[in-house]
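Numbering starts at 1 and runs along the sequence shown. Each ligand, and each atom within it, is numbered from 1 in the order the structure gives.
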Amino acid sequence: MAIPDHLTLEIVTPERAVVSEQVDEVLVPGAEGSFGVLPGHTPLLAMLQVGELWYRRGDETSYVAVSFGFAEVQPDRVTVLAQIAETAEDIDVTRAEEAQGRAQGRLDQPVVDMDFERARLALLKSLTRLQVAGRARIRG
Ligand code: ATP
């Protein structure tokens, strides 16, 4: 089979379609590590972790904060079904900074019966949002 020219990238959450684009390359934050996808990739299904996904179209790279869900890879498409997905423009930086402060405070001063995993994930989500919000579209 011929190698496709592009990938169709679809990123959807239960609420909305976040990205629907023809792209050249995608980096997916998989639960077992981030992995890159180029056209012609072997089909696979991967769970997502909380992290930054990026995709490149020509020399333009765009970033999306994703949390939980699945990525399905086919030779000509990547479909991401995420619980949460936000582009840099979607992210409220003040809200993410406040969430970071709360999560960091809980982890710094744990109380009895604290849910560490919840606090760790809240910190990771807020840091990922701040990272994505801080990225301008990069050219070249
Ligand atoms: P917070 O503690 O600020 O509510 P959270 O990590 O608990 O953050 P989530 O449960 O991950 O929030 O998300 C709930 C909804 O709020 C989702 O639709 C998510 O996209 C949105 N959301 C959360 N934080 C932000 C943010 N900083 N900017 C924009 N949207 C956000």
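Counting only heavy atoms of the protein, atom 10 (O) of ligand 1 lies nearest to K125 NZ, 3.6 Å. Ranking protein heavy atoms by distance to atom 13 (O) of ligand 1, first place goes to I84 CD1, 3.5 Å.
Ion pair E52/R135 flagged as a salt bridge, since at least one NZ, NE, NH1 or NH2 atom sits closer than 4.0 Å to an Asp/Glu carboxylate oxygen. R129 has no carboxylate O lying under 4.0 Å from a charged side-chain N of D90, or vice versa, which leaves the two without a salt bridge. Between R57 and E60 there is no salt bridge, since no side-chain nitrogen of the basic residue lies less than 4.0 Å from a carboxylate oxygen of the acidic one.
In summary, the atoms of ligand 1 found under 4.0 Å from a heavy atom of D92, numbered by their order in the structure, are 26 (C), 27 (N), 28 (N), 29 (C). Proximity to I91 (heavy-atom distance under 4.0 Å) selects the following atoms of ligand 1: 28 (N), 29 (C). Numbered from 1 in the order shown, with element, the atoms of ligand 1 that lie under 4.0 Å from a heavy atom of D90 read 28 (N), 29 (C). Each of the following atoms of ligand 1 lies closer than 4.0 Å to a heavy atom of A96: 27 (N). Near E86, meaning under 4.0 Å from any of its heavy atoms, are these atoms of ligand 1: 19 (C), 20 (O), 21 (C), 22 (N), 30 (N), 31 (C).
Between the choices E89, R95, R129, Q100, the shortest heavy-atom distance to atom 11 (O) of ligand 1 belongs to R129.
Considering backbone and side-chain atoms together, E15 places no N or O closer than 3.5 Å to any N or O of ligand 1.
Between the side chain of D24 and the main chain of G58, a donor-acceptor pair closer than 3.5 Å is present.
Residues E10 and T79 have side chains that never bring a donor and an acceptor to within less than 3.5 angstrom of each other.
Counting heavy atoms under 4.0 Å from ligand 1, residue R102 touches it through the side chain alone.
Protein non-hydrogen atoms do not reach within 4.0 Å of atom 18 (O) of ligand 1.
Looking at heavy atoms from C-beta onward, T8 lies in side-chain contact with Q22 at the 4.5 angstrom threshold.
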#### Entry: E98/R95 under salt bridge (charged side-chain N to carboxylate O under 4.0 Å, His left out): CA gap, chis, key distance, verdict
CA-CA 5 Å; E98 287 170 0; R95 178 172 168 181; over 6 Å; no
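If you take CG on L127 and CD on E97, they are separated by 11.0 Å, rounding to the nearest 0.5 Å.
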